[in-house]
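Quick notes on the structure that follows.
Quick caveat, the model's predicted, so the values are computed rather than measured.
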Amino acid sequence: MSHYNEGFPQRSPALSLEQELFEQRFARIREIEALGWRPYGQRFEFTHTVPQIRASWSAADAETLEKDRVRVRAAGRVMTVRRMGKAGFFHMQQLGERIQVYVRKDAVSENEFRLYQILDLGDIAGVEGYLFRTKTGELSIHAEKLTFLSKNLLGLPEKYHGLEDVELRYRQRYLDLIANPEVLKVFETRARLIASLRRQLNERGFIEVETPMMQPLYGGAAARPFVTHHNTLDIDLYLRIAPELYLKRLVTGGMERVYEINRNFRNEGISTRHNPEFTMLEFYQAYADYRDLMDLSCELLERTAVEATGSAKVHYNGLELDFGNVRRYRMREAVIEFWKHGPKPTPGQVRDPEWLLRHSDKQTPGEALVDLFERHCEEALVQPTIIYEYPVEVSPLAKQNPDDPSMTDRFEIYAAGMEIGNAFTELNDPDEQRRRFEMQLAMRERGDEEAHQMDEDYLRALCYGMPPTAGEGIGIDRLTMILTGQKSIRDVILFPLLRPEGEIGIAEWLRQASSR
RNA sequence: GGGCCGGUAGCUCAGUGGUAGAGCAUCUGACUUUUAAUCAGGUGGUCGCGGGUUCGAUCCCCGCCCGGCUCACCA
């Protein structure tokens, strides 16, 4: 038994191996303190981040480094350690990148070398020294000072495979980020994507607003809501399923270009493309129509892809998607074009209400057309595609097409077989909106729980006159999936919803360890 | 909610109707340019939980819990 194992039983049968390791590491806290460091240290002034070091000197050869003697101070999490008696190496990781550190006994103080000898994988350390290349050519820091910054008590997943258990990855995202640096890249891309959209909208004169997440009436989409309660007012409130009706109130008030990027909540199924809370961009532009937004969408998507990933062409599921080239089909055209089995329908058939009702179990021709579209076309829309002209029955907030009142001036954007955007010329006629709400109420009475509620304050706002306006929503999570190549929405949401886990027990471990 | 698949050491995974194995991690020792370091030795498991069948279950059966995929719903 080494001297730093003294002080607690060699192996108590009551302790699991995991708890034993925890106790071993906990005991090291005292030893770190004895060497003169705080186990949970203070601020550390670094000259470079690890990625900065790599970016600046990855091309510098051994002779140059020896001649220039670049001194750096850097910090990171210890990910590998190779000790060889009186010297050794470790890799430290910061911001998803690693740098090797070389520690030799005669280059640091006695206590610093002692500290190196008791570093555990997962500890956070700071290093000062000069850059050099090892015999095998790896850029490394030759340590001259070593300091301790934070103690890891739980150990790290396997160094070669990382953390693969998806349940653990989602429940303990912090551990996922430590063990799988590529996860960090996904969320960096997500952040760039959102920043790019904000930048583009700001440049075009849109202003960002925040509207209620807790709403007395829910609307703006077809979905079941979460219900909560406010005690003081003693009222039930719904977590919003969409911000749409509030944003259009603002347009009515004269905020002619508005947008909001935030969470929506829908009390529905969980799947690889659905999370109960998800992030949506909605924007509204007065004096524009859905055709304007088609063009705007293409510009937004192309530049977002470029700014987030470096290219308008992205790879998803082994295919190349080109956001620089978005196709456009009418919904009826798409049904014909992508008809799956048997002879394709004719343009006359997809306009014929009776033909549509015969080919779907939906109750209205419009719902039947959408049903056929979803069954035949959706998964085939891998390349970015705009589908336009949606039936009025499924579009209670969109303006009718002047030439065909059964259809609305609405489009959706599809990519990788997923809907990623929805836009339309907004219905601004209050009396027509009243009729649409009443149509929704009738659908609700037929058992459609997701049909709209009547929102009289919204009607009142329209009665003051909303300018002709077009609006659009873009699903940020799904767009992130496509731009980062992730197949599950849980891989682009940092903390996806899971059932809560049971008792963890770590407080008891700490209690026991600290009482020893 | 339905269907299918999975849960074995801290992690990544084998495996068997006779109460379990590997690699990594961890511990001990050696090693002053290693890098999935190496070498030698050791520790470590209520085989998800509960029932049943059986002389005997981690394995077979039933139920439950947790997760993944998928269908439905939806974006």
Among all residues two or more places apart in sequence or in another chain, which pass the ring pair (Phe, Tyr, Trp, His ring centres under 6.0 Å) test with A:Phe278? none
side-chain hydrogen bond (donor to acceptor under 3.5 Å, both in side chains) filter on A:Thr134, not counting sequence neighbours, yields A:Thr136
Proximity to RNA chain B (any heavy atom under 4.0 Å), residues of residues 362-383 of chain A only: none
According to side-chain hydrogen bond (donor to acceptor under 3.5 Å, both in side chains), who are the partners of A:Asp120, at least two apart in sequence or on a separate chain? A:Arg28, A:Lys151
Can you tell me which nucleotide in B:U26, B:C73, B:C13 comes closest to the side chain of A:Glu268? B:C73
By side-chain hydrogen bond (donor to acceptor under 3.5 Å, both in side chains), which residues pair with A:Arg104, not counting sequence neighbours? A:Asp106
Polar atom pairs (N or O), protein with nucleotides 36-38 of chain B, under 3.5 Å:
unit_1: B:A37; atom_1: OP1; unit_2: A:Lys159; atom_2: NZ; d: 2.0
unit_1: B:A37; atom_1: OP2; unit_2: A:Arg82; atom_2: NH1; d: 3.3
unit_1: B:A37; atom_1: N6; unit_2: A:Arg83; atom_2: O; d: 2.9

Where the side chain of A:Ala222 is concerned, which of B:U32, B:A75, B:C27 is the nearest nucleotide? B:A75
Verify whether one side chain among A:Tyr284 and A:Glu282 offers a donor that lies under 3.5 Å from an acceptor in the other. yes
Which residues satisfy the ring pair (Phe, Tyr, Trp, His ring centres under 6.0 Å) test with A:Phe424, sequence neighbours excluded? none
Look at the side chain of A:Arg104 and decide which nucleotide, out of B:G10, B:U32, B:C27, has an atom nearest to it. B:U32
Just checking, A:Arg173 and A:Phe495: is the charged tip under 6.0 Å from the six-membered ring centre and within 45° of the axis? no
What contact category does A:Glu450 fall into here, base, sugar-phosphate, or nothing, at under 4.0 angstrom with non-hydrogen atoms? sugar-phosphate
Under the rule for ring pair (Phe, Tyr, Trp, His ring centres under 6.0 Å), what residues qualify as partners of A:Tyr218, not counting sequence neighbours? A:Tyr238
Each stem that RNA chain B is part of, given as range with range (3 or more consecutive Watson-Crick or G-U pairs, under 3.5 Å): B:1-7 with B:65-71, B:10-13 with B:21-24, B:26-30 with B:38-42, B:48-52 with B:60-64
When you measure from the centre of the six-membered ring of A:Tyr388, is the NZ or CZ of A:Arg330 under 6.0 Å away and within 45° of the axis? no
My understanding is that only residues two or more places apart in sequence, or in another chain, count here; which of them pass side-chain hydrogen bond (donor to acceptor under 3.5 Å, both in side chains) with A:Gln512? A:Gln19, A:Glu508
Side-chain donor/acceptor contact of A:Gln100 with base of B:U34 under 3.5 Å: yes
List for me each residue that meets ring pair (Phe, Tyr, Trp, His ring centres under 6.0 Å) alongside A:Tyr170, sequence neighbours excluded, and say none if there are none. none
Any side-chain donor near an acceptor of the partner, A:Gln486 and A:Arg478, under 3.5 Å: no
Base contacts versus sugar-phosphate-only contacts with protein, heavy atoms under 4.0 Å: please encode nucleotides 63-70 of chain B as B, S and - from 5' to 3'. ---SSSSS
